[in-house]
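Report on one structure; see the data block that follows.
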Amino acid sequence: MSDYPLLHVDQQTMSDLGLFPASGKLGVFSLFSKTVTQGGSVLMDALFRTPIADAAEINWRAERYRFFSDNACPFPVDSENMGTLAFYLENEDVRTQIEAGDQGLGQRLSGRIAADPDYAFVQDGVQAALRVFGQAEAFLADFRGRAEGSPYADEHAQLSRLVMDPAFAEVRGLAGPAGKRQPKLAAPVLSGLDKAIRFRERGKVLELLALLHRLDGYLTVGKIARERGFCFGRALPADTMKLGFTGVYHPHVEGAVANDLSLDADHPMLFLTGANMAGKSTLMKALGIALYLGHLGFPVPARDFAFSVCDGLYTSINLADNLQAGASHYYAEVLRVKEVATQLAAGKRLFLVFDELFRGTNVKDAYDATLAVTRAFAGKSGSQFVISTHIMEAGETLRQEKTGIRYLYLPTEMDGHTPTYPRILREGITADRHGMQIIRNEGVLGILEKGLTPQATTSK
């Protein structure tokens, strides 16, 4: 459980933004689920599901990831050894200990050792521990210069204290250079190491593994930032009401076009227009994804990014109806607006993304509802909004009222009779309407005018 306030993100928003894999599609999480160790994978999943709303902690996390983006190195410990050691530590049954002085020792040493599952289990676990300690010690020595004075300095020191703890002197002595596998250990030595590693000092070894799993996460996130050219955002206190993207784009769209956008206390809302296929939904998803990653301290698909932390991130992009409950698409839209209105009324600072407000009703109701809800949102201080619509007339009416709304659009350009989409934001409200041109280009009316073909009416 996080000790910091969390950014609230509901299931609808996670689905809209494609944060996790679903229906055969890659999720944003897949970019970062590339850890080396199983423990690192579990940690990464937990981190990705808990964005936080504390600016200082977000920036501190981002600095650690940035440090490992700038200081590349492979994960220093063999993942198989890590897994074997973790499995070994899970078994706290004292009956599996190797007792050097018991009556069974002679039998174990007289040729039955290989067949003794307890002995083999302990031998494998202790050998894994020796290799983990050896490789960790080599990493500490090699990385000491870079870690000194860095955001990783404290954890490097913690790791060093554990590895160099006097309780593990024998472990280090037997570990060999960089954790090279040792010959099978004699029963008396094995028994002593087993007691120390698995029982007496078990807590310290678990702490060592936890630090290595975190290192795995740092290296993984740093590598993604470096290889994909992502930037690290700057988190600002919530009351600053700043949002600034430079070159933001969707990380899963091939050849995605980058855009710039800024919102502030005087202009907390973006009113976005554009034709179908102009790129509105993709841009809105890109904004939501970047803000989510920013609240993790993770790198963001943009050239630069600064944001005020929020209490919640809500989207309405791919909202589904609920026919089983008798709810139409329009009613589902109204319930979604009601849900966020309740949060706003409670004083929550939100970032809201609504794609095509009230598309599930007739044009007149959609116009009236878009005007009313947009006005109400614009009157709520402390939150930021991105709203798109096809109803350009609503935007023209709002613009005459001189509220603190930014009006941007994604244009359509004609290449002869063929519409093209630059996907670059421009100031204003678009008047683009090319739906009928696309219908004509596809020959839809001609097909309908010809009627059924003879082949289609022939009985079989």
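Only heavy atoms go into these numbers, but all of them, side chains included; no hydrogens, no water, no symmetry mates.
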Practice problem: Look up atom CG in Leu291 and atom OG1 in Thr315, then write down how far apart they are to the nearest 0.5 Å. | Solution: 11.5 Å

Quiz item: Do we see a donor-acceptor contact under 3.5 Å between the side chains of Asp355 and Ser388?
Solution: yes

Quiz item: With under 30° as parallel and over 60° as perpendicular, where do the rings of Tyr152 and His156 fit, or are they tilted in between?
Solution: perpendicular

Quiz item: What residue among Phe305, Phe48, Phe29 forms ring pair (Phe, Tyr, Trp, His ring centres under 6.0 Å) with Tyr292?
Solution: Phe48

Practice problem: For residues Phe385 and Phe354, establish whether the separation of their ring centroids is below 6.0 Å. | Solution: no

Self-check item: Flag for Glu63-Asn59: side-chain donor and acceptor within less than 3.5 Å
Solution: no

Quiz item: Which of parallel (below 30°), tilted (30 to 60°) and perpendicular (above 60°) describes Tyr88 and Phe121?
Solution: tilted

Quiz item: Only one of Gln127, Gln97, Gln123 forms a side-chain contact (heavy atoms from CB on, under 4.5 Å) with Leu190, so which one is it?
Solution: Gln123

Quiz item: Under the criterion ring pair (Phe, Tyr, Trp, His ring centres under 6.0 Å), which of Phe298, Phe67, Phe68 is the partner of Tyr218?
Solution: Phe68

Exercise. Taking all heavy atoms of Arg172 and all of Glu137, pick out the closest pair and write down the distance.
Key: CD-OE1, 3.9 Å

Quiz prompt | Axial cation check for Phe20 ring with Arg49, 6.0 Å and 45° limits | solution = yes

Quiz prompt | Exercise: identify the closest heavy-atom pair between Gly27 and His252 | solution = O-NE2, 3.0 Å

